[in-house]
Amino acid sequence: MNAKIEKQVKEMASKTGLDENIISDIADEILDSSIKTIVIENLNCILENSPTIIDTTIVCDIIDKIEIGEKLP
Amino acid sequence: MTAQTLRTKLDYLKGAKAQLERQYQEARKAHILAYREAAASEEAKVFLKMAAAKTQEQIKYHITGLGTMALQAVFGEDIALDLQFSNPVEDEKINKRSNTTAKLLFLRGNNKQPVNPLDADSGGACDVASEALQVSLWTMQKPRTRNLMVRDERLKNINDPSREMHERAAEMIQQISHNPKIQMQYIIVTMLPELEDIADKVFKL
């Protein structure tokens, strides 16, 4: 992971409360086109009223900030 | 009246006749031309109507084919997705032609009764149909955008205590993603265990 992406990951992590490793893992899986179905289970976030937020906006942020322009041709 | 006056009058009348004959010929030519144009225009109208009907048929096939397949895979054979076109109507009062409109409907039961999707049930059928519709519309794009769909709480409106419909809907998503012609990559935020079961990768948060 290059420095630019690492910075984006840190920013995302502080914004969402998500673990940095999870964000970079999600980004890696998205980039792997052989992985067709990625499910992010948010059950605990809802049940435990966790401060962690995960929704499609965050997924789109991950795609935008980490993937686009960094690794895709 | 002298012979000279009569000759002058005769010459004048001959000139007038020749002028009228020329005008008649010109009018006749214009009439023939207009007649031909009208015939060609009628022919073009028929051709356009045929082309429109064919286009509507193809759009209907592309839009409803996958939707019907998905609905039937989840809910059984007695439901189908239909697209009905209303043809333009000429309003003589305002001299305006209405646009062609298309309406999406569910056909329910053996007699294929049209039903407004929003009144159909808990919304589960709408969830499944809209998933298939979005993929259908994506396949029709030229050029296509990247084969990636991001979904939030998809299929949450399916109401089936036995969870069989949830399983079948999840399988439908799996089939779309693994279909060699589509190869859609899905990123789904959900709390449904059925979607986790079909996932290639699950993140639990």
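Letters A, B, ... are given to chains in the order of the sequence lines, protein chains preceding strands, and every chain is numbered from 1.
For the pair B:Phe203 and A:Asp25, the minimum side-chain heavy-atom distance is below 4.5 Å. A:Ile40 places a side-chain heavy atom less than 4.5 Å from the side chain of B:Ile187.
Shown here is B:Gln141, whose CD atom has more than 12 heavy atoms of other residues, nucleotides or ligands within 6.0 Å. Within 6.0 Å of NZ in B:Lys103 there are 12 or fewer heavy atoms belonging to other residues, nucleotides or ligands. Few gaps surround CZ on B:Arg144; more than 12 heavy atoms of other groups in view lie less than 6.0 Å from it. No more than 12 heavy atoms of other residues, nucleotides or ligands shown are found within 6.0 angstrom of CG on B:Asn110.
The main-chain N or O of A:Ile35 is found under 3.5 Å from a side-chain atom of B:Gln185 such that the two form a donor-acceptor pair.
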| Between B:Ile188 and A:Thr37, is a side-chain contact (heavy atoms from CB on, under 4.5 Å) present by the stated rule, with each step listed? | CA-CA 8 Å; B:Ile188 307 166; A:Thr37 322; 4.1 Å; yes
| task | Take B:Gln183 and A:Lys36 through the side-chain contact (heavy atoms from CB on, under 4.5 Å) test and state the conclusion after the steps. | result | CA-CA 7 Å; B:Gln183 300 216 5; A:Lys36 290 292 168 207; 3.6 Å; yes
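Closest heavy-atom contact between B:Leu195 and A:Val39: O-CG2, 3.4 Å.
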